[in-house]
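Each remark here refers to the structure printed beneath this line.
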Amino acid sequence: MSKSYACGPSQTPLLGDTVGESLDRAVAAHPDREAVVDVAAGLRWTYAEFGAEVDRAARALMAAGVAKGERVGIWSPNRAEWTLVQYATARIGAVLVNINPAYRASELEYVLGQAGIRMLIAAQEHKGSDYRRMAEQARAAAPALRETVFFDDASWDRLLAGAERVSGAELAERSALLSADDPINIQYTSGTTGFPKGATLSHHNIVNNGFFVGELLGYTEQDRICLPVPFYHCFGMVMGNLAATTHGACTVIPSPAFDPAAALAAVAAERATSLYGVPTMFVAELGLPDFASYDLSSLRTGIMAGSPCPVEIMKRVVAEMRMSQVAICYGMTETSPVSTQTRVDDDLERRTATVGRVMPHVEVKVVDPATGTVVPRGEAGELCTRGYSVMLGYWDEPERTAEVIDAARWMHTGDLAVMREDGYVSIVGRIKDMVIRGGENVYPREVEEFLHTHPKVADVQVVGVPDATYGEELLACVLPADPADPPSREELAAFCEGRLAHYKIPRHVRAVESFPMTVSGKVRKVELRAWAAQELGLA
Ligand code: AMP
């Protein structure tokens, strides 16, 4: 019986490039090919143009005094300038901090302070929320923040105009100081306890993960990748942007935030060869009343990732969207993100029952969570990942890093998996009690702590319950301070509105008299979840 351990062999070596060096290669090799198309803005850049824009923005950041290692936050929905800022910060060695566009004032305030962000680059508003006002509110709590720049505003033009004060030679001097192992990106992921944690990734982490994701999809400079997935997440900026630039391929940004019709229209108009999404995005696209009217004949491949993919959806994506080479990826932000991926010639069974096999140069194993020993193939245990893709650590939180990366450098994912005899891996559950709502991860603890601040809440437990549209939705089980006056769903929603990201606001609220507990006094979430699903008629 073989053990649940696998290492991805490869004829192709890892890349030693920084993000900037990697982009330089693409610019030199494919100057006249398109690099970025922003459909909503009507903007197109070839690699030569993109390279020049990146250099100008990089010089502008230097002129604004941004030093190597300093943090620059970006808080914006998708647009071409997001990509520009990603590469410009990398060129000068500034650490880009991705801030979820759904974040509200209290979350923004936390990341500004925790990462010590020096410059914030933000949209002015998104979906009716006023980023300017929230940025202003959060500023008081962010002593390191010296400058806030808004897109489509004089402050952005002023920033770029500063490029004149820094020469190309000075930029080259700065780039020469960078090492591929330097931290270059912080991505906040919800923590099992309390506040989000800043997964800190190096050039080496993300350049290689993007490169190998693209290799396994067979990307070349002929590919055009439609990205309805957010850039603030690895799915957009690594599996999308870096997979593209390491192959001279083009990224197509269909819309600032996900819009199924805009995504399919962009595929058709831009002759995209690849389309990405979490399963719920593909469900929305396939569900469009005029789905049949979009010309998707250019599609060849794409990625579905982030949560389990229903078989029926996979069948339709292959047959009706013509994505015969679509891949499933599994991973997490802490591993840059992809650890396993299906291959373009895998059959439907492997593409639906599994999340693929280990990536080149990466190791995975499945261990008994109680003993840490590797389980035989076919048995369930916790999936662990080791290799170039494991993050440097959580920003400024060595203790939380030590909770997930062990002494032998294995990242413990908290996901329950089975490795089959053929090396393919299935995800069968989660040790952590994270909820995935429409592709957004929610750690109940964060929402619970916030709800605890409501005067009518004595105690609260948040669990995920099944939902037809989002896969899971949040239910808050509240122990009311006054049993005669429990808080209503509307009251709690109003309390969260504008302070918590919309996807963290519980859809359901139930008042309870007590929680099911273990002998050691821990709430039995599994039991609570089963009860809740029953109670809501969702079992
Ligand atoms: P994130 O850090 O936001 O990328 O979320 C990572 C988590 O999403 C993983 O730990 C898994 O629980 C889940 N996940 C990611 N990809 C898949 C997949 N293909 N199938 C099932 N769950 C997934």
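Just so you know, ligand 1 is whichever comes first in the structure, and atom 1 is the first atom listed for that ligand. As a basis for the values below, the full set of heavy atoms in this structure was taken, side chains included, without hydrogen atoms, waters or symmetry mates.
Nearest protein heavy-atom neighbour of atom 2 (O) of ligand 1: T333 OG1, 2.8 Å. Scanning all protein heavy atoms for the shortest distance to atom 14 (N) of ligand 1 gives G306 O, 3.2 Å. When only non-hydrogen protein atoms are considered, atom 1 (P) of ligand 1 lies nearest to N441 ND2, 3.4 Å. For atom 22 (N) of ligand 1, the nearest protein heavy atom (residue, atom name, distance) is S307 CA, 3.7 Å.
The side-chain hydrogen bond (donor to acceptor under 3.5 Å, both in side chains) test applied to R322 returns no partner, not counting sequence neighbours. In terms of the side chain to side chain contact (heavy atoms under 4.5 Å, CB included) criterion, residue partners of R316 (sequence neighbours excluded) are, by chain and number, L286, E320.
Here the options are R377, R343, R350, R357, the test is salt bridge (charged side-chain N to carboxylate O under 4.0 Å, His left out), and the partner is D422; only R350 passes.
Between C329 and ligand 1, at least one pair of N/O atoms sits closer than 3.5 Å. For ligand 1, one of its N or O atoms has an N or O atom of D415 under 3.5 Å away. Not one N or O of Y330 is nearer than 3.5 Å to an N or O of ligand 1, by distance alone.
Heavy-atom distances between H233 and ligand 1 reach below 4.0 Å in at least one pair. By the 4.0 Å heavy-atom criterion, G331 is counted among the residues contacting ligand 1.
E399 and Y394 form no side-chain donor-acceptor contact under 3.5 Å, judged by distance and modelled atom types alone.
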